[in-house]
**Q** 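Mind having a look at this structure? Questions to follow.
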2 protein chains.
Amino acid sequence: MRIAELSRQAGVSIPTIKYYLREGLLPPGERTNRNQAQYDEPHLERLRLIRALIDVGKLPVATVREVLATLDEPDISLHKVLGTVSASLSEPTASTPDDDLVAAREDVDALIERHGWQIAEDTPELDVLAGIIVRARQLGHAHIADSFDTYCEAAESIADVDVGYVSGLGTVENVVEGVVVGTVLGDAALAAIRRLAHQNLSARRFAES
Amino acid sequence: MRIAELSRQAGVSIPTIKYYLREGLLPPGERTNRNQAQYDEPHLERLRLIRALIDVGKLPVATVREVLATLDEPDISLHKVLGTVSASLSEPTASTPDDDLVAAREDVDALIERHGWQIAEDTPELDVLAGIIVRARQLGHAHIADSFDTYCEAAESIADVDVGYVSGLGTVENVVEGVVVGTVLGDAALAAIRRLAHQNLSARRFAES
DNA sequence: CATAAGTAGATACCGATACTATCTAATATT
DNA sequence: AATATTAGATAGTATCGGTATCTACTTATG
């Protein structure tokens, strides 16, 4: 198909497609001439994936490029891609070593320990979580962190179905794509569902009709 | 305290504080003179809250303003503030009524029904979730939505501790602030914890040492 | 009390991000 | 032959989240 058709089917404007081509998010089409290229189904799928990562996951274009690069690596393992996707999705942690952060990080390590989780020391999420605890404390809501044990238990059942889902995808490429889609769409879905659960609970407990 | 001190304690530059004042995120200090104003503890707390919403929650400044406005309303109920905060946090849903979206929305309604949740028809998260399902289908990952029942169960226990936490906060103002902080920091924490759970599970199942 | 430092408020400017528009030279379609 | 479409290059634009500067003061300090 030509670029106009790709644009129509994906619902993405031609200038935007050209922009993604320039930015290396989308591989160039197969050239048939100096000013003609053919795009096919994989292009369309890739384009839809890009839009999902941007629209639903709110990923910046640069992060999308990183994630897609991981996805295109020839020898990928599920565990490795999880790490890379995680790393791309969490901001690089602040440079200041900060006493508060170190303390919070110890609490995070204890949390992980309590749940018997096997996590590499340098996983960025550990610092992200520590950072959140620091903020909560600064805001006078230190006890929010007390809920994190429950969050962990809940996350275990969630991770269970998540990994179950991707495991059933067959080829490595499919699994890896499933990880990306599942991570990003899953985050968004989980946030929405949590809000719905809040609404439900507060409707039941505190509704004044 | 004067603006320099406020800046120092919050770790936010003076021009940025002035910007927040202009944007109405931060109420003006108490004027003592034509070019002097006093800021106090509440200002500092508000400023820290603003930074947490922006840094951790990635909320745009305009949304922070909305959320803070809700927080400052004189007569607020927990249930109302949950709705307003939710509304501020989810983008306004697309205008196109779209067949795919309608179908997905029915699936969402069925999901809510299965769990016996009481949710107002017009809650924005219902459409957000439907939108995510549409994207998943377009990406050939329709079955991701099968996991949402598990997500709901997990979200129930999470919402339980969340509501338990804010209920214990005493005054209405504290509760409302707790909702805001808990929603935003909680989302970020939950996402991080989910990633950690993934890492743990994949380490155990698929690790090649 | 003079001089330096700090401040409010107004306005202008800035860098990053994510596109969008335009132009050229060529090819495709009708 | 006339019209539409395309690749690729380059330039322009809107928004966002600040920064910087300037003026007319007021405070703090030696």
Side-chain angles (χ1 to χ4, degrees), chain A residues 1-40 43-44 46-68 88-89 91-92 94, chain B residues 1-40 43-44 46-68 88-89 91-92 184:
Chain A
M1 81 186 88
R2 303 209 295 178
I3 199 171
E5 180 64 11
L6 182 64
S7 165
R8 214 189 46 71
Q9 289 206 42
V12 175
S13 77
I14 292 177
T16 299
I17 293 176
K18 287 187 171 186
Y19 168 63
Y20 292 157
L21 287 166
R22 284 201 300 281
E23 290 295 311
L25 301 196
L26 201 58
E30 195 174 333
R31 298 295 298 277
T32 63
N33 250 310
R34 204 158 77 70
N35 66 333
Q36 291 290 302
Q38 280 296 312
Y39 304 91
D40 43 9
H43 279 100
L44 181 56
R46 172 58 55 101
L47 194 46
R48 286 209 244 258
L49 177 57
I50 293 168
R51 294 306 316 182
L53 297 182
I54 289 176
D55 293 343
V56 181
K58 314 284 175 216
L59 300 196
V61 166
T63 305
V64 172
R65 181 172 39 231
E66 278 179 50
V67 170
L68 296 179
S88 303
L89 265 42
E91 334 268 273
Chain B
M1 80 185 89
R2 302 208 297 179
I3 199 170
E5 181 63 13
L6 182 65
S7 164
R8 213 189 46 73
Q9 291 207 41
V12 175
S13 78
I14 292 178
T16 300
I17 293 176
K18 286 185 171 186
Y19 167 62
Y20 292 158
L21 287 166
R22 284 202 300 282
E23 292 293 311
L25 301 195
L26 201 57
E30 194 175 332
R31 298 294 298 278
T32 64
N33 250 311
R34 204 157 78 70
N35 66 332
Q36 291 290 302
Q38 280 295 312
Y39 305 90
D40 44 10
H43 279 100
L44 181 55
R46 172 59 56 101
L47 194 45
R48 286 209 243 259
L49 177 57
I50 292 168
R51 294 307 315 184
L53 297 182
I54 290 175
D55 293 343
V56 181
K58 314 284 173 215
L59 301 196
V61 167
T63 305
V64 173
R65 182 171 38 232
E66 279 179 50
V67 170
L68 295 178
S88 303
L89 264 43
E91 335 266 272
V184 173

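The chains referred to below are lettered A, B, ... by the order of the sequence lines, with proteins before strands, and numbering in each begins at 1. Computation of the quantities below employed the complete heavy-atom set of this structure, encompassing side-chain atoms and omitting hydrogens, waters and symmetry-equivalent molecules.
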**Q** For A/P28, answer base if it contacts any base atom (sugar-phosphate contacts may also be present), sugar-phosphate if it contacts only those atoms, and nothing otherwise; contact means non-hydrogen atoms under 4.0 Å.
**A**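 Since no nucleic acid heavy atom lies under 4.0 Å of A/P28, the category is nothing.
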**Q** Have A/R2 and A/Q36 got a donor and an acceptor in their side chains that come within less than 3.5 Å?
**A**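 A/R2 vs A/Q36: donor-acceptor pair found between side chains.
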**Q** Take atom CZ of B/R65 and atom P of D/dG18, then tell me their distance rounded to the nearest Å.
**A**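 After rounding, the gap between these two atoms is 13 Å.
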**Q** Please report the closest heavy-atom contact between B/P27 and B/H43, naming both atoms and the distance.
**A**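 Scanning both residues, the minimum pair turns out to be O-NE2, 3.0 Å.
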**Q** Take atom CG of B/L59 and atom P of D/dC16, then tell me their distance rounded to the nearest Å.
**A**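 Those two atoms, CG and P, are 14 Å apart.
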**Q** Taking only side-chain N and O atoms of B/T16, does any of them lie within less than 4.0 angstrom of OP1 or OP2 on D/dT19?
**A**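 Checking D/dT19 against B/T16, a side-chain N or O does come within under 4.0 Å of OP1 or OP2.
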**Q** Report yes if at least one side-chain N or O of A/R51 is closer than 4.0 Å to OP1 or OP2 of C/dC19; otherwise report no.
**A**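 It does, given that an N or O in the side chain of A/R51 lies less than 4.0 Å from OP1 or OP2 of C/dC19.
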**Q** Thinking salt bridges, do A/R8 and A/E5 make one under a 4.0 Å N-O criterion?
**A**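 Salt bridge present between A/R8 and A/E5.
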**Q** Which residues pass the salt bridge (Lys or Arg N to Asp or Glu O under 4.0 Å) test with A/D40, sequence neighbours left out?
**A**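 A/D40 satisfies salt bridge (Lys or Arg N to Asp or Glu O under 4.0 Å) with no residue once adjacent residues are dropped.
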**Q** Just to confirm, is there a sub-4.0 Å distance from OP1 or OP2 of D/dG8 to any side-chain nitrogen or oxygen of A/R31?
**A**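 Yes.
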**Q** Expressed in angstrom and rounded to an integer, what is the separation of A/E30 atom CD from D/dT6 atom C1'?
**A**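 Going from A/E30 (CD) to D/dT6 (C1'), I get 16 Å.
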**Q** Between B/R34 (CZ) and C/dG9 (C1'), how many Å, whole number?
**A**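 Checked: the CZ to C1' distance equals 9 Å.
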**Q** Within this structure, what is the NZ-to-C1' distance between B/K18 and C/dT11, rounded to whole angstrom?
**A**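 Answer to the nearest Å: 12 Å.
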**Q** Report the distance from atom OH of B/Y39 to atom P of C/dG6, rounded to the nearest whole Å.
**A**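 B/Y39 atom OH is separated from C/dG6 atom P by 16 Å.
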**Q** For A/S13 and for A/Q36, locate the closest nucleotide of DNA chain C by heavy-atom distance; then report the residue assigned to the nucleotide nearer the 5' terminus.
**A**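 It is A/S13 whose nearest nucleotide is closer to the 5' end.
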**Q** For B/Y20 and B/R51, test the side chains for any donor-to-acceptor distance below 3.5 angstrom and give the result as yes or no.
**A**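 The answer is yes; a qualifying pair exists.
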**Q** Mapping A/N35 and B/I3 to their closest nucleotides on DNA chain C, which lands nearer the 5' end?
**A**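 It is B/I3 whose nearest nucleotide is closer to the 5' end.
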**Q** Rounding to an integer number of Å, can you tell me how far A/I17 CD1 sits from D/dA7 C1'?
**A**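 To the nearest whole Å, that distance equals 13 Å.
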**Q** Is there a donor and acceptor pair, one atom on the side chain of A/R22 and one on the base of C/dT20, closer than 3.5 Å?
**A**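 Side chain to base: pair present.
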**Q** At under 4.0 Å, does any side-chain N or O of B/Y19 touch on OP1 or OP2 of C/dC14?
**A**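 False: B/Y19 side-chain N/O out of range (4.0 Å or more) of C/dC14 OP1/OP2.
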**Q** Whole Å only: how far is the CD atom of B/E5 from the P atom of C/dG6?
**A**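 My rounded result for the distance is 13 Å.
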**Q** Contact class for A/L21 vs. all strands (heavy atom < 4.0 Å): base, sugar-phosphate, or nothing?
**A**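 Nothing, no heavy atom under 4.0 Å.
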**Q** Report yes if at least one side-chain N or O of B/R2 is closer than 4.0 Å to OP1 or OP2 of C/dT7; otherwise report no.
**A**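 Affirmative; the distance criterion is met.
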